[in-house]
Amino acid sequence: MSDNDTLDARGLLCPLPVLKLRKRLKSLENGAEITMLADDPAAVIDVPHFCAEAGHTLVESQEVNGDLRFVVRVGR
């Protein structure tokens with residue numbers, strides 16, 4: 001996975017992880033996937049809600065070594 005495929009939002013608090021994710025998704029083509037790492041507990045609620053509202057697919061959501069890891073696909 002290249003750096004372009006990963007968004008490191010660790011250390012950022014709500015709403016910044018979702019705002020940065022939204023900005024990065026705008027530059028990707030439909031069907032592309034990005035992995036976001038976050039440590040804000042609110043991201044567990046914010047990211048799925050954002051994906052549902054914005055028309056993106058939350059492919060995966062899990063905790064890895066204390067960090068939250070989200071895989072988001074552009075579009076449905």
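A quick note: this is a predicted structure, and the numbers were derived from the prediction, not measured. Both backbone and side-chain heavy atoms feed into the values below; hydrogens, waters and symmetry mates do not.
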What is the distance from atom [atom1] of [X] to atom [atom2] of [Y], rounded to the nearest 0.5 Å?
X	Y	atom1	atom2	value
E53	R22	CD	CZ	12.5 Å
D39	L13	CG	CG	8.0 Å
D5	E33	CG	CD	9.0 Å
L58	R73	CG	CZ	10.0 Å

Between [X] and [Y], is there shared hydrophobic-cluster membership here, with clusters defined by ILVMFWY side-chain heavy atoms closer than 4.5 Å?
X	Y	result
V44	I34	yes
L19	V72	no
L16	L68	no

Closest non-hydrogen atom pair between [X] and [Y], with its separation:
X	Y	result
I45	P48	O-CD, 3.5 Å
D40	L12	CB-O, 3.4 Å
F70	A43	CZ-O, 3.5 Å

Looking at side-chain heavy atoms only, is the closest gap between V18 and V47 below 4.5 Å?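 V18 vs V47: side chains touch.
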
Treating H56 as the side-chain partner and G75 as the backbone partner, does any N or O pair qualify as donor plus acceptor under 3.5 Å?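 Yes; at least one donor-acceptor contact below 3.5 Å.
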
Go through the structure and list residues passing side chain to side chain donor-acceptor pair (under 3.5 Å) with E29, not counting sequence neighbours.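 Counting only residues at least two positions away or on another chain, E29 forms no side chain to side chain donor-acceptor pair (under 3.5 Å).
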
Checking D67 now: which residues fulfil salt bridge (charged side-chain N to carboxylate O under 4.0 Å, His left out) with it, not counting sequence neighbours?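 With sequence neighbours excluded, D67 shows a salt bridge (charged side-chain N to carboxylate O under 4.0 Å, His left out) to R10, given in chain and number order.
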
With a cutoff of under 4.5 Å between side-chain heavy atoms, which Ile, Leu, Val, Met, Phe, Trp and Tyr residues group with V59?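 Members besides V59, by chain and number: V71.
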
